[in-house]
Amino acid sequence: MERKTNIALKNSLTEVSVSSASLESITASLKARIDELQIELTTKDSDSIQMRNLMVQAQQERDEAKSRLLTEETLRRKLHNQIQDLKGKFRVFCRVRPAHSNAADGEKIEVADIVYPDERADGQEIQIYGPSSESAMGNITTKVHPFSFDKVFTPRCDNEEVFLEISQLVQSALDGYNVCIFAYGQTGSGKTHTMSSHDGMIPRAVEQIFQTCEGLKEKGWKYMLEGQFLEIYNENINDLLGKPNRSEKINHEIRHDVKEQKTVVTDLTTATLDSPEKVIAILRQADNNRSVAATKSNERSSRSHSVFILKIQGKNYLTGEQCNGILNLVDLAGSERLSQSQAIGERLKETQAINKSLSCLGDVIYAMSNSREGAHIPYRNSKLTYLLQYSLSGNSKTLMFVNVSPLKQHANETINSLRFATKVNNTQITSVRTVRGMSPTKN
Ligand SMILES: Nc1ncnc2c1ncn2[C@@H]1O[C@H](COP(=O)(O)OP(=O)(O)OP(=O)(O)O)[C@@H](O)[C@H]1O
């Protein structure tokens with residue numbers, strides 16, 4: 001009996017020691033796993049510290065880059081303005097429209113003899129050859145009228161190419177400067193095509209402004225755009241964004257705030273422009289208002305000046321900088337000289353008003369570019385120059401398109417327009433040139 005018990009106890013002991021050995025081995029392997037995990041954890045900790053350091057470094061670099069970007073944007077604005085000033089405070093671009101575009105059905109198109117000596121699509125020189133005449137000695141002479149401008153766009157240039165040249169001025173308006181862009185020329189020479197057609201300077205300028213504002217958001221800039229559109233007809237201001245039929249009865253006055261150097265036109269509609277679509281809508285409204293007026297007075301668009309005023313207010317919430325620029329886009333009344341003796345009544349009044357205001361604009365620009373500081377500039381002599389006083393003076397920038405027709409029957413008006421523009425530009429070449437080996441006559 002005792003022996004049996006001993007055997008059973010021995011067996012139990014063996015079983016216990018076997019299971020204890022297996023437990024020991026499990027414990028050992030668990031311990032090894034714990035050690036492994038511990039090592040892994042330590043590595044992870046150091047990785048995460050490393051990661052955190054890298055993140056802090058990246059954040060510092062980002063902040064530095066951002067502040068560099070802000071300083072560079074301020075510097076870019078300064079340099080951009082210096083470049084614009086070097087190019088000239090007043091610039092004149094000549095644009096010759098294609099011959100076919102304004103010909104009535106059956107009208108004979110005879111193209112004037114126009115030469116672009118630079119042989120480039122957008123050189124700086126243009127020569128108009130006048131009619132030939134034969135002297136008693138049998139010498140045939142042809143007058144040459146050479147002109148030089150900041151740019152000459154041949155009929156081959158489209159609005160896209162033209163806009164490339166003015167986009168820098170649009171940028172100046174965004175940077176807080178006052179900019180005026182005029183289109184001058186006889187009726188049908190392409191002023192409206194250049195300025196307010198669907199792909200003209202106004203829609204393109206507005207598109208550029210919206211795109212640039214979007215891009216400047218990450219640099220802390222927030223912009224507010226407001227638009228006004230008016231017409232000056234017979235020295236009276238009409239609101240082109242007002243209700244049709246009502247606008248002509250309101251007497252809009254121009255008021256200047258001398259201290260702030262700001263201009264207000266009383267009772268003029270101001271549209272907040274928060275999208276390019278809104279701009280297209282107001283351009284359409286202005287066009288409709290002009291057409292309504294046109295039924296009362298023939299060819300209204302060519303007998304009045306239209307002025308699109310875009311006020312651009314920018315604020316940078318990162319640097320605290322602020323800027324207020326104005327872009328004025330002006331489609332001037334047709335510049336053709338109507339014979340005063342033939343014009344009577346309303347037509348005479350219109351012609352006198354147009355002639356007066358256009359010559360006043362020329363006088364103002366001429367006086368500004370030639371006068372000493374503080375000299376008298378005759379802004380008050382016309383509504384247009386009075387309205388644009390602060391947009392023409394100071395550190396503002398002005399560009400004039402002189403639009404001309406390529407047709408022979410318009411050659412005299414073309415020469416008149418180019419002479420006017422030359423007065424503005426003050427760079428006329430006064431040389432007399434011999435044509436094709438013949439004797440020269442004076443320009
Ligand atoms: N560069 C051009 N390319 C193509 N077509 C043009 C160009 N310039 C003018 N035209 C066309 O010639 C015609 C007359 O041009 P536009 O109406 O722009 O002249 P305008 O000077 O504004 O005349 P108005 O004084 O009567 O307003 C229009 O049919 C216009 O589309």
Side-chain angles (χ1 to χ4, degrees), residues 92-107 109-112 114 116 121-122 126 149 151-166 181-204 229-234 238 240 283-284 286-308 329-338 343 347 350-351 353-355 357-358 361 384 400-414 416-418 420-421:
V92 179
F93 290 176
C94 168
R95 185 176 195 190
V96 187
R97 75 158 169 80
H100 54 80
S101 41
N102 200 30
D105 271 352
E107 189 189 341
I109 301 175
E110 219 181 324
V111 180
I114 301 179
Y116 308 98
D122 61 342
I126 181 168
F149 299 104
K151 211 106 208 164
V152 173
F153 294 104
T154 70
R156 284 200 306 273
C157 299
D158 59 14
N159 275 341
E160 190 178 351
E161 281 172 76
V162 175
F163 184 73
L164 275 183
E165 290 297 326
I166 72 151
I181 300 178
F182 295 95
Y184 176 96
Q186 75 174 115
T187 298
S189 59
K191 300 182 296 295
T192 308
H193 177 84
T194 302
M195 296 299 266
S196 28
S197 64
H198 71 280
D199 77 333
M201 301 307 119
I202 296 183
R204 283 176 188 274
F229 212 148
L230 60 87
E231 169 192 67
I232 302 177
Y233 176 66
N234 278 349
N238 298 322
L240 290 180
L283 290 182
R284 203 169 294 142
D287 206 34
N288 287 341
N289 276 347
R290 259 188 142 185
S291 323
V292 169
T295 56
K296 294 178 206 151
S297 161
N298 245 357
E299 300 166 0
R300 178 64 170 260
S301 76
S302 41
R303 317 304 300 154
S304 65
H305 310 302
S306 77
V307 188
F308 177 61
L329 296 149
V330 189
D331 188 347
L332 293 166
S335 60
E336 57 277 5
R337 310 271 180 274
L338 282 186
R347 201 67 175 183
E350 278 176 356
T351 310
I354 295 167
N355 287 351
S357 62
L358 289 179
L361 177 65
L384 182 69
M400 183 173 282
F401 281 104
V402 53
N403 289 93
V404 295
S405 153
L407 303 188
K408 205 161 202 161
Q409 77 247 38
H410 298 144
N412 278 337
E413 278 306 332
T414 296
N416 277 339
S417 292
L418 296 178
F420 174 89

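Read the numbers this way: they start at 1 and go in the same order the structure lists the ligands and their atoms.
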Q.
With rounding to the nearest 0.5 angstrom, report the CE to CZ distance, Met201 to Phe163.
A. 7.5 Å

Q) Which of the numbered atoms in ligand 1 are below 4.0 angstrom from a heavy atom of Arg97? A) 7 (C), 8 (N), 9 (C)

(Q) Does any N or O of ligand 1 fall below 3.5 Å from an N or O anywhere on Pro98, backbone included? (A) no

Q) Can you check whether Asp331 has an N/O within less than 3.5 Å of an N/O in ligand 1? A) no

Q) Got an N/O contact under 3.5 Å between Ser189 and ligand 1? A) yes

Q: Ignoring hydrogens and angles, tell me if any N or O in the side chain of Lys151 forms a donor-acceptor pair with the backbone of Arg95 under 3.5 Å.
A: no

Q. Looking at ligand 1, does Gly185 have a heavy atom less than 4.0 Å from it?
A. no

Q) Taking only heavy atoms of Gln186, which atoms of ligand 1 are found under 4.0 Å from at least one of them? A) 21 (O)

Q.
Rounded at 0.5 Å granularity, tell me how far CD in Glu161 sits from OG1 in Thr154.
A. 7.5 Å

Q. Should the pair Phe153 and Phe401 be assigned to parallel (<30°), tilted (30 to 60°) or perpendicular (>60°) ring geometry?
A. tilted

Q | Geometric N/O contact Gly188 with ligand 1, under 3.5 angstrom | A | yes

Q. Using a distance-only test with no angle check, is there a side-chain donor-acceptor pair under 3.5 angstrom linking Thr192 and Asp331?
A. yes

Q | Option with minimal heavy-atom separation from atom 1 (N) of ligand 1, where the choices are Arg156, Arg303, Arg95, Lys191 | A | Arg95

Q.
Checking the side chain of Lys191 only, and the main-chain atoms of Ala183 only, is there a donor and an acceptor separated by less than 3.5 Å?
A. no

